[in-house]
Asks: 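Dropping a structure here in structure tokens format, bear with me for questions.
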Amino acid sequence: MDVYDRLRVRKRVNGAGLLTRLGGSLMAPEVLAAMQEAAQSYVDMAELHTRASEVIAVHTGAEAGLVTSGAAAALTLGTAACITGHDVHKMERLPQTDGMPNEVIMFRMHRTGYDHAIRAAGARIREIGFNDLGVGAGVRGLEPWEIHAAISPATVAVAYTMTPSRQPPLGMVAEVAARHNLPLIVDAAAQLPPKENLCRFIAEGATLVAFSGGKAIRGPQGTGILCGRRELISAALIQQLDMDVSPQTWDPPQGLLSKELLRAFPHHGLGRGFKVAKEQIVGLLVALERFAAADSAGETRLQEEQLEALATALKGTPHLKATLLSGAVTGRYPVLELVFDEAALRASAYQISLRLQAGSPPVHLSERRAQEGMLVVDPAGLKPDDAPVIAAALRAACSTASP
Ligand SMILES: *Cc1c(COP(=O)(O)O)cnc(C)c1O
């Protein structure tokens with residue numbers, strides 16, 4: 001009996017990708033070992049955060065970095081830093097921002113459910129541009145003049161959601177933001193792999209970038225990274241840190257924090273609810289080092305072999321056509337597309353998915369294209385022996401569905 005058995009929680013086979021609702025990713029033994037070590041000593045959290053910043057800086061090319069409680073928390077704290085800088089009075093008032101500059105400019109096509117995290121800091125999103133590309137009504141995306149026109153004394157930042165289409169070009173938005181001396185916040189939570197993206201968005205002009213620690217980096221699920229300009233990372237850290245300190249004795253390490261930056265001492269900030277444990281910080285850093293050093297080509301090859309084995313095991317399954325798309329084709333990791341003959345099966349892809357999830361063990365495949373009658377096997381969350389289990393579950397799901 002493991003801990004999940006004792007809790008009567010079912011363990012699931014994950015062919016759906018690294019999804020927060022399925023537990024994010026699984027940590028490597030080295031990461032767990034480092035977390036266990038970290039759990040056995042007291043440390044000064046300001047010092048640990050300062051060293052963490054240095055490690056993140058090495059791997060992202062940013063000036064500084066902060067381990068947050070997820071990419072969403074990184075967006076909230078990054079936005080808070082853009083609103084307050086090191087102004088302690090403003091920090092104290094958040095998320096109440098009446099009477100202070102609080103607008104974050106965002107392209108309409110970049111709005112997502114996650115931008116709640118930006119609003120949570122007290123920012124108001126100023127939406128710009130049209131959705132012509134999204135609805136196929138036209139050929140034009142966001143243009144520089146539209147960003148210029150929206151900028152006012154109330155603007156504190158420009159936000160950008162990194163998407164597969166990368167439209168509008170990040171460099172263009174960065175240039176406009178820089179001309180107005182405004183920070184550019186990039187949500188790149190799920191834009192890893194490729195690992196080159198750790199550095200790419202900073203190199204292209206982003207001021208702050210948010211990554212999830214519990215997705216492809218395979219750190220603790222409740223972690224994330226905010227990296228970018230030192231003074232903003234510093235302002236974000238101050239608003240996350242435990243500030244129950246005596247001004248007479250508080251002596252933070254140099255680098256990110258300094259008494260000189262602050263005219264007064266803030267109390268606990270907006271980010272107190274986003275506390276990150278010492279074990280999580282250490283785990284994230286070790287996971288980040290492993291991710292940055294990983295043999296990505298080798299990993300892709302293993303994933304392709306695993307999906308090929310699954311495709312082979314599925315041969316002859318009625319009303320199911322499996323197509324393997326290599327990593328070279330998708331540009332990221334390989335996937336196995338499963339197209340169901342919904343009419344012959346008299347079941348939709350959603351219904352097949354429900355049957356898989358009701359099985360023992362429950363099997364999850366990606367439903368991102370289920371509307372097209374397709375389930376996708378995303379290999380990022382697969383364990384080595386999962387292919388035969390998934391094949392058996394699919395054969396059963398397709399045969400129960402047959403008339
Ligand atoms: C997953 C995700 C987030 C949230 O990341 P967490 O690390 O879970 O907080 C934010 N934005 C996008 C685009 C994401 O995919």
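We count ligands from 1, going down the list as the structure has it; atoms in each ligand are counted the same way.
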Asks: Answer yes or no: does an N/O atom from D187 fall short of 3.5 Å to an N/O atom of ligand 1?
Replies: yes
Asks: Between R301 and E304, does any side-chain N to carboxylate O distance fall below 4.0 Å?
Replies: no
Asks: How close does the nearest protein non-hydrogen atom get to atom 5 (O) of ligand 1, and which residue and atom is it?
Replies: S212 OG, 3.0 Å
Asks: Going by distance only, is there an N or O of G213 that falls short of 3.5 Å from an N or O of ligand 1?
Replies: no
Asks: Under 4.0 Å from a heavy atom of A189: which atoms of ligand 1 are those, numbered in the order shown and with their elements?
Replies: 2 (C), 3 (C), 10 (C), 11 (N), 12 (C), 14 (C)
Asks: Could you tell me whether the side chain of E342 and the main chain of A349 form a donor-acceptor pair under 3.5 Å?
Replies: yes
Asks: Testing E146, M109, H110 for side chain to side chain contact (heavy atoms under 4.5 Å, CB included) with P168, which one passes?
Replies: H110
Asks: So if I count the atoms of ligand 1 from 1 in the order they appear, which ones are less than 4.0 Å from some heavy atom of A72?
Replies: 4 (C), 5 (O), 6 (P), 9 (O)
Asks: Between D5 and K11, does any NZ, NE, NH1 or NH2 come within less than 4.0 Å of an OD or OE carboxylate oxygen?
Replies: yes
Asks: Determine whether a donor-acceptor pair (N or O, by modelled atom type, separation under 3.5 Å) exists between the side chain of K195 and the backbone of A292.
Replies: yes
Asks: Heavy-atom contacts under 4.0 Å between A71 and ligand 1: side chain, backbone, both, or neither?
Replies: both
Asks: Only one of T317, L314, V363 passes side chain to side chain contact (heavy atoms under 4.5 Å, CB included) with L394; say which it is.
Replies: L314
Asks: Using the salt bridge (Lys or Arg N to Asp or Glu O under 4.0 Å) rule, pick out the option among R368, K321, R369 that qualifies with E337.
Replies: R369
Asks: Tell me the nearest of R21, K215, H110, M162 to atom 1 (C) of ligand 1, using heavy-atom distances.
Replies: K215
Asks: Within the structure, is a non-hydrogen atom of T20 found at a distance of less than 4.0 Å from ligand 1?
Replies: yes
Asks: In ligand 1, which numbered atoms sit nearer than 4.0 Å to a non-hydrogen atom of G70?
Replies: 7 (O), 9 (O)
Asks: With a cut-off of 4.0 Å, which atoms of ligand 1 are near a heavy atom of A190?
Replies: 15 (O)
